[in-house]
*Asks:* 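Dropping the structure in here first, questions after.
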Amino acid sequence: MANVKITSGQYVMIEQKIASVSDRVFAQMLDLFFLICYESILSLLFFTIIFYNMSPSDERIAMFFYAFLQLPIVFYHPVCEYFFNGASPGKKILKIKVVHMDGSSSTLGSYLMRWMMYMLECLLLPGIGLLCIIFNKNGQRLGDMMAGTVVIKSDDYLRHRINLNDFGFVNEMYRPYYPEAANLSMRQAEVVRETLLINNSNRDYYVNELSAKIMEHLKIPPLVNGNNEAFLNTILNDYRYYSSRVDI
């Protein structure tokens, strides 16, 4: 699998090597082996107790407790990934783990989304997960796409800061014009960038509309005979300037 390079909003270059299909398959096989061992031991102990040491009136309670102890099997993946930094025991052995596409640690919600989609893939679309991993450039199955995650090699994870001079739009001599730009979120800044990249007949309309919304949101006075495109470019560069100076 190829490496994926992402530049975060704080100008941190994240380079991560996508886990291979074989690594993911072997990790899944190991996890399945651990679950089978757990279920075998649990069943042996419980049915031995029920059939040899328990009265019929207590068997119902024992069976309820037995069903309760099945929950670790059902929630094995999201629980392990949440408490062990994106890795189930099988993934840890193969040195792979789940992370967000931006390289940050995933959240419980992301792990649950992956798990729910995994159950759906197994029940309704057998084999679709493997096909997605093979043909998706980032090795993502449906659950990864929905959760915004990717499985990487945990020992090949690189993260390093980028000098501002590597970018043509901002350099160390740059002086921001709108301090309010620091209040933009990364997603809002991305909307500005995408709007400036529009290349169709509606471009001026979107630029003007977005400029008005940003002025209202950041409480910036409306421009007097100003250029809205230049305004958006300035806001974007100012955002980049301030975000690049946030310590990681």
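The structure presented is a predicted model; accordingly, all values stated were derived computationally and were not measured.
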*Asks:* Can you tell me how far CZ of Arg175 sits from CG of Asn237, rounded to the nearest 0.5 angstrom?
*Replies:*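 Between Asn237 CG and Arg175 CZ, I get 14.0 Å after rounding to 0.5 Å.
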*Asks:* Measuring only between side-chain heavy atoms, which start at C-beta, is Arg203 closer than 4.5 Å to Glu229?
*Replies:*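 Heavy-atom side-chain distance check passes, below 4.5 Å.
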*Asks:* Phe75: what forms a ring pair (Phe, Tyr, Trp, His ring centres under 6.0 Å) with it, not counting sequence neighbours?
*Replies:*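 Counting only residues at least two positions away or on another chain, Phe75 forms a ring pair (Phe, Tyr, Trp, His ring centres under 6.0 Å) with Trp115.
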*Asks:* Would you mind reporting whether Cys132 and Gln140 have side-chain heavy atoms less than 4.5 Å apart?
*Replies:*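 Of all side-chain heavy-atom pairs linking Cys132 with Gln140, none is under 4.5 Å.
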*Asks:* How close do Lys91 and Gly86 get, counting heavy atoms only, and between which atoms?
*Replies:*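 Heavy atoms only, the tightest pair is CD-O, 3.9 Å.
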*Asks:* Between Leu236 and Ile198, is there shared hydrophobic-cluster membership here, with clusters defined by ILVMFWY side-chain heavy atoms closer than 4.5 Å?
*Replies:*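 No, separate clusters.
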*Asks:* Can you give me the closest heavy-atom contact between Gly143 and Met117, atom names plus distance?
*Replies:*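 Closest approach of Gly143 to Met117: CA-CB, 3.4 Å.
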*Asks:* Which residues pass the side-chain contact (heavy atoms from CB on, under 4.5 Å) test with Ser43, sequence neighbours left out?
*Replies:*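 Per chain and number, Ser43 pairs via side-chain contact (heavy atoms from CB on, under 4.5 Å) with Glu39, Phe47, Tyr66.
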*Asks:* Atom NZ in Lys97, atom OG in Ser154: separation rounded to 0.5 Å?
*Replies:*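 Answer for the NZ-OG pair, Lys97 versus Ser154, is 6.0 Å.
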*Asks:* Report the residues that fulfil side chain to side chain donor-acceptor pair (under 3.5 Å) with Glu180, sequence neighbours left out, ordered by chain and then residue number.
*Replies:*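 Applying side chain to side chain donor-acceptor pair (under 3.5 Å) to Glu180 gives none.
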*Asks:* Under the side chain to side chain donor-acceptor pair (under 3.5 Å) test, which residues partner Ser40, sequence neighbours left out?
*Replies:*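 If we apply the side chain to side chain donor-acceptor pair (under 3.5 Å) test to Ser40, skipping adjacent residues, there are no hits.
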*Asks:* Tell me whether Leu210 is reachable from Tyr177 by hopping between hydrophobic residues (I, L, V, M, F, W, Y) whose side-chain heavy atoms are closer than 4.5 Å.
*Replies:*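 Linked, Tyr177 and Leu210 end up in one cluster.
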*Asks:* Measuring only between side-chain heavy atoms, which start at C-beta, is Val151 closer than 4.5 Å to Ile96?
*Replies:*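 Yes, close enough: below the 4.5 Å cut-off.
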*Asks:* Phe135: what forms a ring pair (Phe, Tyr, Trp, His ring centres under 6.0 Å) with it, not counting sequence neighbours?
*Replies:*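 Once residues adjacent in sequence are excluded, Phe135 has no partner under the ring pair (Phe, Tyr, Trp, His ring centres under 6.0 Å) criterion.
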*Asks:* Can you give the donor-acceptor pairs under 3.5 Å from side chains of residues 214-223 to other protein atoms, not counting sequence neighbours?
*Replies:*
none

*Asks:* According to a hydrophobic-cluster definition based on side-chain heavy atoms being under 4.5 Å apart (Ile, Leu, Val, Met, Phe, Trp, Tyr only), do Leu130 and Leu30 belong together?
*Replies:*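 Yes, same cluster.
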*Asks:* Test of understanding: clusters of I, L, V, M, F, W, Y form through side-chain heavy atoms closer than 4.5 Å, transitively. Do Leu44 and Leu35 belong to the same one?
*Replies:*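 Looking at the clustering, Leu35 is in a separate group from Leu44.
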*Asks:* Test side chain to side chain contact (heavy atoms under 4.5 Å, CB included) on Gln70 and Ile73; report intermediate values, then the result.
*Replies:* CA-CA 5 Å; Gln70 300 298 308; Ile73 296 177; 3.5 Å; yes
*Asks:* Going from CD1 on Ile133 to CG on Asn138, what distance comes out if it is rounded to the nearest 0.5 angstrom?
*Replies:*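 Rounded to the nearest 0.5 Å, the CD1-CG separation comes out at 12.0 Å.
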*Asks:* If you round to the nearest 0.5 Å, how far is OG of Ser88 from CG of Leu94?
*Replies:*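 Here the interatomic distance stands at 9.0 Å.
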*Asks:* Look only at the side chain of Thr234 and the backbone of Ala230, and say whether a donor-acceptor pair between them is shorter than 3.5 Å.
*Replies:*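 Side chain of Thr234 to backbone of Ala230, a donor-acceptor pair under 3.5 Å: yes, one is there.
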*Asks:* Using the side-chain contact (heavy atoms from CB on, under 4.5 Å) criterion, which residues pair with Ser22? Sequence neighbours excluded.
*Replies:*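 Partners of Ser22 by the side-chain contact (heavy atoms from CB on, under 4.5 Å) criterion, ordered by chain and then number, come out as Ser20, Phe26.
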*Asks:* Find out if a path of hydrophobic residues (ILVMFWY) with successive side-chain heavy-atom gaps under 4.5 Å connects Ile36 to Ile93.
*Replies:*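 Ile36 and Ile93: separate clusters.
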*Asks:* How long is the gap from CD1 on Ile128 to CG on Leu120, to the nearest 0.5 Å?
*Replies:*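 Between Ile128 CD1 and Leu120 CG, I get 10.5 Å after rounding to 0.5 Å.
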*Asks:* Using the test side-chain contact (heavy atoms from CB on, under 4.5 Å), find all partners of Phe33 that sit at least two apart in sequence or belong to another chain.
*Replies:*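 Phe33 satisfies side-chain contact (heavy atoms from CB on, under 4.5 Å) with Cys37 only.
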*Asks:* Knowing that exactly one of His77, Gln28, Arg141 qualifies, which makes a side chain to side chain donor-acceptor pair (under 3.5 Å) with Tyr118?
*Replies:*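 Per the side chain to side chain donor-acceptor pair (under 3.5 Å) rule, the option paired with Tyr118 is Gln28, out of His77, Gln28, Arg141.
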*Asks:* For Pro89 versus Cys80, what's the shortest heavy-atom pair and its separation?
*Replies:*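 So the minimum-distance heavy-atom pair works out to CD-SG, 3.8 Å.
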*Asks:* Please report the closest heavy-atom contact between Tyr239 and Leu184, naming both atoms and the distance.
*Replies:*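 Nearest heavy atoms, Tyr239 then Leu184: CE1-O, 3.5 Å.
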*Asks:* Who are the side chain to side chain donor-acceptor pair (under 3.5 Å) partners of Asn208, not counting sequence neighbours?
*Replies:*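 Asn208 satisfies side chain to side chain donor-acceptor pair (under 3.5 Å) with Asn228 only.
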*Asks:* So, Arg114 side chain and Gly148 main chain: donor-acceptor pair closer than 3.5 Å or not?
*Replies:*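 Checking the backbone N and O of Gly148 against the side chain of Arg114, no donor-acceptor pair under 3.5 Å is found.
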*Asks:* Only counting residues at least two apart or in another chain, list the ones meeting side-chain contact (heavy atoms from CB on, under 4.5 Å) with Met116.
*Replies:*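 Not a single residue meets the side-chain contact (heavy atoms from CB on, under 4.5 Å) criterion with Met116.
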*Asks:* Rounded to the nearest 0.5 Å, how far does CD1 of Ile152 lie from CG of Asp23?
*Replies:*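 Rounded to the nearest 0.5 Å, the CG-CD1 separation comes out at 12.0 Å.
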*Asks:* Does CZ belonging to Phe231 count more than 12 external heavy atoms closer than 6.0 Å?
*Replies:*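 Atom CZ in Phe231 is crowded, with more than 12 foreign heavy atoms closer than 6.0 Å.
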*Asks:* Identify the two heavy atoms, one from Arg24 and one from Ala19, that lie closest to each other, and give their separation to 0.1 Å.
*Replies:*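 Looking at all heavy atoms of both residues, the shortest contact is CG-CB, 4.1 Å.
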*Asks:* Are more than 12 heavy atoms from other residues, nucleotides or ligands located less than 6.0 Å from atom CZ of Phe34?
*Replies:*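 For Phe34, atom CZ is crowded (more than 12 foreign heavy atoms under 6.0 Å).
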*Asks:* Apply side chain to side chain donor-acceptor pair (under 3.5 Å) to Tyr76 and list each qualifying residue two or more places apart in sequence or on a separate chain.
*Replies:*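 For Tyr76, the residues satisfying side chain to side chain donor-acceptor pair (under 3.5 Å) (neighbours in sequence not counted) are Asp31.
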*Asks:* Which residues satisfy the salt bridge (charged side-chain N to carboxylate O under 4.0 Å, His left out) test with Glu190, sequence neighbours excluded?
*Replies:*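 By the salt bridge (charged side-chain N to carboxylate O under 4.0 Å, His left out) rule, Glu190 matches Arg193.
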*Asks:* Report yes or no: does Thr149 contribute a side-chain atom to a donor-acceptor pair with the main-chain N or O of Val99 at less than 3.5 Å?
*Replies:*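 Side chain of Thr149 to backbone of Val99, a donor-acceptor pair under 3.5 Å: no, none is there.
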*Asks:* Judged by atom type as modelled, is there a donor-acceptor pair below 3.5 Å linking the side chain of Glu81 to the main-chain atoms of Pro78?
*Replies:*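 Pair absent, no side-chain N/O of Glu81 close to backbone of Pro78.
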*Asks:* Should we say atom OH of Tyr38 is surrounded by more than 12 heavy atoms from elsewhere, each under 6.0 Å from it?
*Replies:*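 More than 12 within 6.0 Å, yes.
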*Asks:* Report the C-alpha separation of His100 and Ser105 in whole Å, then their side-chain angles, then the decisive distance to 0.1 Å, and conclude whether the side chain to side chain contact (heavy atoms under 4.5 Å, CB included) test is met.
*Replies:* CA-CA 6 Å; His100 271 307; Ser105 297; over 6 Å; no
